[in-house]
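Structure record follows, encoded as structure tokens.
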Protein chains: 2
Amino acid sequence: METRTLTARTPADGAQAAGRDIPEATVARLPEYLRALTALAERGIGTCSSDELAAAVNVNSAKLRKDLSYLGSYGTRGVGYDVDYLSYQIAREIGLMQDWPVVIVGIGNLGHALANYAGFGSRGFRVVALLDAAPELVDETVGGLVVRPFDDLEAVVADGPVAIGVIATPAGAAQEVVDRLVAAGITSILNFAPTTLAVPAGVSVRKVDLSIELQILAFHEQRKGSPVVQPLAREASA
Amino acid sequence: METRTLTARTPADGAQAAGRDIPEATVARLPEYLRALTALAERGIGTCSSDELAAAVNVNSAKLRKDLSYLGSYGTRGVGYDVDYLSYQIAREIGLMQDWPVVIVGIGNLGHALANYAGFGSRGFRVVALLDAAPELVDETVGGLVVRPFDDLEAVVADGPVAIGVIATPAGAAQEVVDRLVAAGITSILNFAPTTLAVPAGVSVRKVDLSIELQILAFHEQRKGSPVVQPLAREASA
DNA sequence: TAGATTGTTAATCGATTAACAATC
DNA sequence: TAGATTGTTAATCGATTAACAATC
């Protein structure tokens with residue numbers, strides 16, 4: 001592992017082809033692996049096994065190894081994974097070697113919190129504009145940026161590329177907003193508004209939905225029943 | 001359908017047994033169906049087909065019907081579903097006929113936004129306490145509630161049942177907080193802190209993670225490449 | 001060489017979907 | 001009765017996992 005270099009792969013090498021078509025479930029876990037690796041690196045740990053990393057993320061180690069196998073062969077049998085090297089490979093795979101300009105639409109309570117969220121920039125997600133339709137919010141400074149009218153959207157996009165649009169408006173406005181974002185050429189949307197969005201093919205939408213998460217918890221809480229609080233009493237997940 | 005009443009089911013009735021063991025993927029969609037039904041009701045629509053409801057939520061109508069079949073047979077062949085009746089059945093299944101007392105821990109930017117979030121209470125999720133370890137936040141009033149010291153947790157729980165704990169602290173504090181919540185008897189956790197939590201069996205954890213969602217979007221955005229913005233050009237999802 | 005751990009295989013499990021009989 | 005739409009079946013697809021050969 002100490003002599004690892006980023007050698008060019010031959011066509012016969014499987015690892016290159018492995019770059020293609022990563023399962024969606026795997027993609028969703030890569031950021032968690034990366035986060036756990038970053039925490040290990042901060043603790044000065046240079047190497048870890050799949051068992052150790054899997055434990056940190058609460059997944060089966062076979063699943064972890066299978067996930068990583070879609071990226072290539074970045075471990076060393078009998079030894080484990082080099083924390084920095086694996087971090088680099090995952091970051092590259094996710095696309096974190098470049099900057100991702102973000103606009104936030106809707107600067108209410110949530111939009112404020114998002115604009116002030118420090119971790120936002122940490123991974124190359126750079127907030128380039130805050131937009132709101134309400135005149136009383138425009139020109140306010142939030143998280144170091146001046147709120148602009150939503151109608152400035154096209155000007156913002158003309159000024160420089162925008163990769164991701166974050167929707168933090170009320171549900172009623174969200175479809176209109178996403179239509180404008182898509183028309184302006186933005187193809188990735190993160191939706192905090194509690195409503196389903198319709199978008200053309202080729203546009204990715206992820207949603208973050210507090211109310212749905214609470215309802216899922218309520219469902220399971222209800223099923224637990226009052227007396228039977230612990231289904232499988234003894235075992236504790238480390 | 002007009003004469004539908006909530007008759008007691010006989011033991012031979014399949015619908016009662018159907019209440020058992022709903023797949024996790026189905027559980028996660030029930031709140032979306034409920035939200036779409038509520039929107040239909042607000043538009044004065046009394047009946048809808050599985051095709052119509054499925055279109056509103058962007059799912060396959062076969063999937064919708066299969067999901068609903070786990071709850072029972074609440075539709076009418078040749079007609080569709082009564083919006084109010086189906087709403088009621090889904091709400092009951094999720095557990096929304098009762099109140100779910102919630103505590104929010106960590107009243108920073110995000111905690112503020114959550115405490116002020118109106119939609120919180122709309123479905124029976126009642127915020128009963130705001131807790132923070134920082135003395136400078138304690139006694140501040142947020143969303144109509146006075147922030148209390150985190151050490152009041154046990155007193156809050158003793159005062160009345162708490163079903164769900166919401167963690168809006170920095171990542172570094174989250175494990176400690178969840179340990180205390182679990183020790184206090186709370187068995188459902190909604191985690192906004194960007195870290196994996198370890199909990200004993202019988203405790204449910206859901207997470208809401210901005211950074212992970214952005215990274216998943218970045219992954220796909222990267223794969224789209226600059227010139228190939230629309231993989232399947234023509235088709236537009238309604 | 002002996003011990004450890006990866007990367008991969010194959011079995012299993014759960015979720016999705018098309019198709020259609022049941023039935024309003 | 002004819003048309004419409006549900007509820008269910010069965011096929012397919014994707015994800016998880018145990019087991020182990022490969023190999024450091």
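Side chains are part of it too, since the values below use all heavy atoms of this structure and drop only hydrogens, waters and symmetry mates. Residue numbers start from 1 in every chain, and the chains themselves are labelled A, B, ... in the order their sequence lines are given, proteins ahead of strands.
- One interatomic measurement links the two molecules: CD of A/E52 to P of C/dT6, which rounds to 9 Å at whole-angstrom precision.
- The OH atom of A/Y74 sits 19 Å away from the C1' atom of C/dT5 (whole-angstrom rounding).
- Here D/dT5 presents its C1' atom at 15 Å from CG of B/N60, a figure rounded to the nearest Å.
- Within the 4.0 Å cut-off from OP1 or OP2 of D/dT5, not a single side-chain nitrogen or oxygen of B/S50 is found.
- Of the candidates D/dT16, C/dT17, C/dG7, the closest approach to any side-chain atom of B/A62 belongs to C/dT17.
- For C/dA15, the paired base is D/dT12 (Watson-Crick or G-U wobble, both distances below 3.5 Å).
- A side chain to side chain contact (heavy atoms under 4.5 Å, CB included) with B/L37 is found for exactly one of B/I45, B/V57, B/V83, namely B/V83.
- In this structure, OH of A/Y85 is placed 14 Å from P of D/dC24, rounded to the nearest angstrom.
- In this structure, A/K63 places its NZ atom 17 Å from P of C/dT6, rounding to the nearest Å.
- B/T187 and A/E221 share a donor-acceptor pair across their side chains, judged by distance under 3.5 Å alone.
- For the pair B/L68 CG and C/dT16 P, the interatomic distance rounds to 14 Å; values are reported in whole Å.
- The distance between atom CD of A/E24 and atom C1' of D/dT16, rounded to the nearest whole Å, is 16 Å.
- Exactly one residue among A/I189, A/I164, A/V205, A/V102 makes a side chain to side chain contact (heavy atoms under 4.5 Å, CB included) with B/L217. That residue is A/I164.
- No hydrogens or angles were tested; on distance alone, nothing pairs the side chain of A/R77 with the base of C/dT5 as donor and acceptor under 3.5 Å.
- Regarding A/L64, its CG atom lies at a distance of 8 Å from the P atom of C/dT6, rounded to whole Å.
- Note on A/Y81: a side-chain N or O is less than 4.0 Å away from OP1 or OP2 of C/dG7.
- The residue A/A25 sits close only to the backbone: its heavy atoms come under 4.0 Å of sugar-phosphate atoms, none of a base.
- In the set D/dT16, D/dC20, D/dA10, the nucleotide with an atom closest to the side chain of A/R29 is D/dT16.
- Projected onto DNA chain D by closest heavy-atom contact, B/D51 and A/P23 fall at different nucleotides, the more 5' of which corresponds to B/D51.
- Here C/dG7 sits opposite D/dC20 as a Watson-Crick or G-U wobble pair (both hydrogen-bonding atom distances under 3.5 Å).
- With ring centers used as reference points, A/Y74 lies under 6.0 Å from A/Y85.
- Side chains of B/Q215 and B/S211: a donor on one and an acceptor on the other come within 3.5 Å.
- Checking C/dG7, C/dT17, D/dT6 against the side-chain heavy atoms of B/R65 singles out D/dT6 as nearest.
- Projected onto DNA chain D by closest heavy-atom contact, A/G78 and A/T26 fall at different nucleotides, the more 5' of which corresponds to A/T26.
- Which of C/dG7, C/dC24, D/dA15 sits closest to the side chain of B/T76 comes down to C/dC24.
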